[in-house]
Amino acid sequence: MTIEEPTVEIDCLKVTQPIGEFYIGVIDYDELEYLSHVDVRRLKSEKREVEEYIGIQRPLSLKREKEIGKYVNLIDATFPTSIILAIDKQNLEYKEDEKKLVIDRKPDVAKVLDGQHRIAGLNNCTLPGEKFQLNVTIFVEMELEDQALVFSTINKSHTKVNKSLTYDLYEFATTKSPQRTAHNIARALDQKENSPFKDKLKILGVANDKEKETITQATFVESLLKYITKDKMLDRDKYRRNKVPDSYSEAEQKKYFLRKMFLEERDSDIAQIIFNYFHAVEEKWPNAWRQVEQNMILNKSTGFIALMKFFKDVYLSFKKPNQIITKEEFKSIFDKIDIDQADFNRDNYLPGSGGQSTLYKELLQKGLGIT
């Protein structure tokens, strides 16, 4: 991009809808960043005109900007949905015959109705020689009331994607990744006969049988990923580039104690360890693990997350890194824990992080003598 040029010209089509005419075009990221620079910067410290009109403030999230900044450097980064802009008529001209839109190159010419975080995050794009184009929807001479309507409609209609569905899609991936490994292990343990997880996982986050399925696939996968990787998207990106993800330092290996097996493609060994651990849990508290009662927590997220936190401490206590720990070895730890099955209820362990922490600390103290 040459900043000295007075205009930027982009390929564009005119669209007519009930709200009026607008344009759909393609623009290089650095051009868009320059044209919307003032509007995006303003989001970090003050309300914009459209937000004042609606009576809200939606500041730029630095966390979200950072997340997108990492994402845009992945090999398969994409923003397929349109960034929505409002530009005054005096700052552009549409060439009907050529299907081109000519926009004055000024840092405050474009107001961003949707896509601020994507624009801000792209500032961190460092891929050498890569071109990142964006599709944009441009409204011209748009009244503030209409800007507010579009702004409100977009932000009201955004639907959060079910995390379990997201992980389930990794079944169709052809490249190795931590997410695919964790998903495959969840699927295998849910389907394997005699597995402590047989038919217990809500594979798409929604229970088909509420009497059995008490743990979401997302909860299982995310709890397991914590012991495999500190950056699942970076690992996936490395594999997509036909590279091997980094090994971790000795100190990090204690936190991510399943990573070496993952890098060695020993997914079946990881699955066997999880199977053995929860088989020991099931034998210790068969009714609490298998029976479904509304007030009980062991086989729901509260109990499962606490058990997965305890899993790391138990595994490391055997001082057998990168080896399979047997059910009998795990059982030797659980045999020391004198918690009655009937005690795994919501009165003793409140649903959520508080109950998870309470149960984890009890398991740690009773099973390993750690306070």
Side-chain angles (χ1 to χ4, degrees), residues 1-54 56-60 65 68 72 77-125 130-158:
M1 178 183 69
T2 305
I3 298 295
E4 288 74 17
E5 295 178 8
T7 61
V8 53
E9 186 174 276
I10 64 173
D11 294 323
C12 232
L13 295 175
K14 183 189 291 185
V15 178
T16 301
Q17 290 184 359
I19 197 172
E21 292 182 344
F22 57 89
Y23 301 91
I24 295 176
V26 179
I27 189 170
D28 289 345
Y29 155 70
D30 51 2
E31 292 279 16
L32 178 57
E33 193 279 332
Y34 184 75
L35 297 179
S36 63
H37 178 74
V38 171
D39 196 52
V40 173
R41 184 182 63 186
R42 187 182 294 123
L43 270 168
K44 296 185 178 182
S45 59
E46 61 186 82
K47 283 186 179 181
R48 300 176 306 158
E49 190 178 25
V50 65
E51 291 164 329
E52 290 277 8
Y53 184 87
I54 299 173
I56 68 167
Q57 183 169 8
R58 193 184 66 160
L60 198 69
E65 180 183 347
I68 293 177
V72 296
T78 179
F79 295 133
T81 56
S82 186
I83 287 175
I84 302 179
L85 309 173
I87 300 178
D88 290 340
K89 184 176 181 180
Q90 65 190 34
N91 291 315
L92 54 72
E93 176 190 357
Y94 184 59
K95 298 180 178 179
E96 185 81 45
D97 294 340
E98 302 176 40
K99 299 294 187 284
K100 299 280 188 181
L101 192 67
V102 182
I103 307 170
D104 290 343
R105 183 178 274 115
K106 301 175 183 178
D108 60 350
V109 75
K111 294 178 182 177
V112 185
L113 300 184
D114 188 61
Q116 300 92 334
H117 289 95
R118 281 170 281 171
I119 297 172
L122 273 162
N123 274 318
N124 298 284
C125 188
E130 294 280 353
K131 191 171 189 177
F132 212 125
Q133 293 183 313
L134 297 165
N135 48 312
V136 290
T137 297
I138 300 173
F139 289 93
V140 180
E141 210 66 24
M142 195 180 201
E143 295 290 340
L144 185 57
E145 182 179 355
D146 288 331
Q147 291 183 38
L149 176 63
V150 171
F151 179 91
S152 301
T153 301
I154 291 167
N155 288 283
K156 182 175 66 175
S157 62
H158 279 170

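Nothing fancy with the numbering, it's 1 onward along the sequence.
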For the residue pair [X] and [Y], establish whether any side-chain heavy-atom pair is separated by less than 4.5 Å.
{"X": "L134", "Y": "V26", "value": "no"}
{"X": "I103", "Y": "I87", "value": "yes"}
{"X": "F132", "Y": "V72", "value": "yes"}
{"X": "K106", "Y": "N91", "value": "yes"}

Indicate every side-chain donor-acceptor pair of residues 6-18 with a distance under 3.5 Å to a residue at least two apart or in another chain.
from, atom 1, to, atom 2, distance (Å)
E9, OE1, K95, NZ, 3.2
D11, OD1, K100, NZ, 2.5
K14, NZ, E96, OE1, 3.2

Going by atom type alone, with no hydrogens or angles, which donor-acceptor pairs under 3.5 Å involve a side-chain atom of residues 78-86 and a protein atom two or more places apart or on another chain?
from, atom 1, to, atom 2, distance (Å)
T81, OG1, R118, NH1, 3.3
S82, OG, N135, O, 3.4
S82, OG, T137, N, 2.9
S82, OG, T137, OG1, 2.7

Inset, instruction - Report the residues that fulfil side chain to side chain contact (heavy atoms under 4.5 Å, CB included) with E141, sequence neighbours left out, ordered by chain and then residue number. - result: D88, K89
Inset, instruction - Would you please name every residue forming a side-chain hydrogen bond (donor to acceptor under 3.5 Å, both in side chains) with Y29, sequence neighbours left out? - result: N123
Legend entry - Partner residues of Q133 under the side-chain hydrogen bond (donor to acceptor under 3.5 Å, both in side chains) criterion, sequence neighbours left out: D28
Inset, instruction - Please name the pair of heavy atoms, one in A110 and one in D39, separated by the smallest distance, quoted to 0.1 Å. - result: O-CB, 3.6 Å
Inset, instruction - Looking only at non-hydrogen atoms, find the nearest pair between M142 and I19 and report the distance. - result: CE-CD1, 3.9 Å
Inset, instruction - For the pair L92 and Y94, evaluate side chain to side chain contact (heavy atoms under 4.5 Å, CB included) and give the outcome as yes or no after the intermediate values. - result: CA-CA 7 Å; L92 54 72; Y94 184 59; 5.8 Å; no
Atom [atom1] of [X] and atom [atom2] of [Y]: how far apart are they, to the nearest 0.5 Å?
{"X": "L32", "Y": "H37", "atom1": "CG", "atom2": "NE2", "result": "12.5 Å"}
{"X": "K111", "Y": "I138", "atom1": "NZ", "atom2": "CD1", "result": "14.5 Å"}
{"X": "C125", "Y": "I68", "atom1": "SG", "atom2": "CD1", "result": "12.5 Å"}

